[in-house]
Novice: 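Attaching a single structure in structure tokens format; questions to follow.
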Number of protein chains: 2
Amino acid sequence: MSPSPERREELLATAAEVFAAQGYNATTVRKIADAAGMLAGSLYYHFDSKESMLDEILATFLDDLWARYDAVLAAGLGPRETIEALVTESFREIDRHRAAVAIYQNESKHLGTQPRFGYLAGSQQKFEKAWLGTLERGVAAKVFRADLDVRLTYRFVRDTVWVAASWYRPEGQHSPEEIARQYLSMVLEGIALRA
Amino acid sequence: MSPSPERREELLATAAEVFAAQGYNATTVRKIADAAGMLAGSLYYHFDSKESMLDEILATFLDDLWARYDAVLAAGLGPRETIEALVTESFREIDRHRAAVAIYQNESKHLGTQPRFGYLAGSQQKFEKAWLGTLERGVAAKVFRADLDVRLTYRFVRDTVWVAASWYRPEGQHSPEEIARQYLSMVLEGIALRA
DNA sequence: TAACCTACCAAACACTTGTTAGGGAAGGAG
DNA sequence: CTCCTTCCCTAACAAGTGTTTGGTAGGTTA
């Protein structure tokens with residue numbers, strides 16, 4: 001009748017791993033139950049549907065993400081420092097919610113059409129506003145180059161940051177901060193050697 | 001008994017669009033048939049399974065891709081010029097096979113485990129060898145910076161190029177060559193304004 | 001001991017899935 | 001006209017899907 005929140009979180013974590021590895025639609029509730037060491041029907045003691053598991057996984061991730069993004073945006077930093085902080089927080093978030101980020105990458109596009117997942121589209125808009133706005137602010141302040149299409153730059157930067165979730169492993173040799181540092185160095189200064 | 005190749009190609013094109021939009025597993029053969037204006041069973045006059053449709057879509061794309069990549073790699077260009085040519089060919093390939101690239105992005109990871117799609121893993125290895133090798137050659141030739149982790153750079157460059165398939169539209173305002181030019185300018189020179 | 005709650009199992013449900021088999025309409029070839 | 005090929009439809013199949021219902025073992029509370 002009233003399951004414990006701790007068990008729910010455990011099950012959501014294993015479900016997220018399976019979703020990320022196999023894709024949401026290819027994941028059957030029986031596979032999730034297998035990974036959790038129980039039978040398919042037993043999941044419905046904790047959750048009322050497969051879809052609500054996905055919902056809770058994504059919503060939890062986005063809540064956490066935006067708490068940190070909002071803190072950065074409210075800090076009143078300059079354009080370059082804002083970008084640096086957003087990138088760093090993004091890689092930290094990949095470290096914390098790797099599975100959720102991978103799911104978001106793979107499924108958000110066609111989930112966004114469903115009313116239940118409308119907040120995904122909302123989040124994406126907020127996301128674009130924050131990043132694109134910062135880039136434009138930087139161009140106006142003569143911190144970033146003006147000869148590049150800002151929207152194109154935004155897409156490149158956004159994509160590169162988030163697809164990292166597909167290869168990032170927590171036990172890897174680079175910390176999220178180190179990855180962010182190298183990524184920022186590449187995007188800001190370029191990989192070509194100066195004469 | 002013997003369907004015409006032209007009709008096959010038509011059907012594969014519409015199937016690829018649906019696969020790209022909805023994901024392979026979420027796409028039912030009935031949805032493909034709907035999009036093609038026929039019934040589900042009729043598809044089996046042209047193809048012997050849903051999986052073989054996916055197979056043919058991906059194999060056709062990779063064949064085309066490698067024909068062009070190999071031409072670039074055989075041209076004997078310098079590291080920087082090789083990267084420029086590879087990036088440009090990649091965006092052109094996205095223009096030609098947008099749906100196939102999107103499918104490859106979404107599904108190749110967990111398809112690679114199946115024996116039938118083993119060539120996906122093979123292609124990825126060849127891909128890494130070409131790109132990573134060129135980057136390392138550039139570092140040795142003092143054309144690219146030596147203080148960046150080359151493997152990390154490779155992943156960033158690779159991912160950013162290919163995820164473009166998720167937002168690129170042929171009728172958009174930028175040609176593949178223009179997108180490649182801006183992308184190369186960003187990656188090579190950086191977005192920060194020089195003092 | 002008795003009542004109760006948590007967390008799971010066992011077995012089934014209605015439905016959707018990829019796939020197959022047989023048939024038939026349209027049109028060109030003889 | 002007849003035969004044959006191409007292309008699709010109708011109708012069903014077995015397996016797998018998400019979900020529901022009723023039951024039960026084990027611990028906690030009274």
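Since we're looking at a predicted model, the values are computed, not measured. A, B, ... follow the sequence lines: proteins, then strands. Residue 1 opens every chain.
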Novice: Expressed as a whole number of angstroms, how long is the span from B:Met53:CE to C:dT17:P?
Specialist: 14 Å
Novice: Hey, does the side chain of B:Tyr183 reach the backbone of B:Val157 with a donor-acceptor pair shorter than 3.5 angstrom?
Specialist: yes
Novice: Nearest-Å distance, CG (B:Asp48) to P (C:dT20)?
Specialist: 8 Å
Novice: Inspect the contact between A:Arg8 and A:Glu56 and indicate whether a charged nitrogen and a carboxylate oxygen are less than 4.0 angstrom apart.
Specialist: yes
Novice: Hydrophobic cluster mates of A:Val163, side-chain heavy atoms under 4.5 angstrom, ILVMFWY only, any path?
Specialist: B:Val163
Novice: Is the terminal nitrogen or CZ of A:Lys50 (NZ for Lys, CZ for Arg) located under 6.0 angstrom from the six-membered ring centre of A:Tyr24 and within 45° of that ring's axis?
Specialist: yes
Novice: Distance under 6.0 Å and angle within 45° of the ring axis: does A:Arg158 meet both against A:Tyr154?
Specialist: yes
Novice: Is any NZ, NE, NH1 or NH2 atom of the basic residue among B:Glu189 and B:Arg145 found under 4.0 Å from an Asp or Glu carboxylate oxygen of the other?
Specialist: no
Novice: Establish, with yes or no, whether the OP1 or OP2 oxygen of D:dT6 is under 4.0 angstrom from a side-chain nitrogen or oxygen of B:Ser4.
Specialist: no
Novice: Mind running a 4.0 Å heavy-atom check of residues 105-112 of chain B against DNA chain C and sending the residues that fall below it, in number order?
Specialist: none
Novice: Look at atom CD of B:Gln125 and say whether more than 12 heavy atoms of other residues, nucleotides or ligands are closer to it than 6.0 Å.
Specialist: no
Novice: When you check the gap from the basic side-chain N to the acidic O, do A:Arg68 and A:Asp64 get nearer than 4.0 Å?
Specialist: yes
Novice: Is the phosphate of D:dC7 approached by B:Ser42 (side-chain N or O, under 4.0 Å from OP1 or OP2)?
Specialist: no
Novice: Would you please confirm or rule out a distance under 4.0 Å between OP1 or OP2 of C:dA7 and any side-chain N or O of A:Tyr45?
Specialist: yes
Novice: For nucleotides 23-27 of chain C, give me every protein contact, N/O to N/O, under 3.5 Å, one pair per line with atom names.
Specialist:
none

Novice: Run the numbers on B:Glu17 and B:Arg98 for salt bridge (Lys or Arg N to Asp or Glu O under 4.0 Å), then give the verdict.
Specialist: CA-CA 9 Å; B:Glu17 290 298 329; B:Arg98 192 186 79 267; 3.2 Å; yes
Novice: Show me the pairs that pass side-chain hydrogen bond (donor to acceptor under 3.5 Å, both in side chains) and involve residues 169-179 of chain B, at least two apart or across chains.
Specialist: A:Asp149-B:His174, B:Arg92-B:Glu177, B:Glu178-B:Arg181, B:Glu178-B:Gln182
Novice: Could you tell me the separation between the CG atom of B:Leu39 and the C1' atom of D:dA12, rounded to a whole number of Å?
Specialist: 14 Å
Novice: Could you state the CE-P distance from B:Met38 to D:dA11, rounded to the nearest angstrom?
Specialist: 18 Å
Novice: Please tabulate, one pair per line, each protein N/O and nucleotide N/O from nucleotides 14-18 of chain D that are separated by under 3.5 Å, including the distance.
Specialist:
unit_1, atom_1, unit_2, atom_2, d
D:dG18, OP1, A:Thr27, O, 3.3
D:dG18, OP1, A:Lys50, NZ, 3.0
D:dG18, OP2, A:Val29, N, 3.0
D:dG18, N7, A:Arg30, NH1, 3.0
D:dG18, O6, A:Arg30, NH2, 3.2

Novice: Can you tell me how far P of C:dA7 sits from CG of A:Leu11, to the nearest Å?
Specialist: 10 Å
Novice: Please tell me which of B:His46 and A:Ala40 maps to the more 5' nucleotide of DNA chain D, matching each residue to the nucleotide holding its nearest heavy atom.
Specialist: B:His46
Novice: Residues in ring pair (Phe, Tyr, Trp, His ring centres under 6.0 Å) with A:Phe144, at least two apart?
Specialist: none
Novice: Within this structure, what is the CD-to-C1' distance between B:Gln22 and C:dT17, rounded to whole angstrom?
Specialist: 15 Å
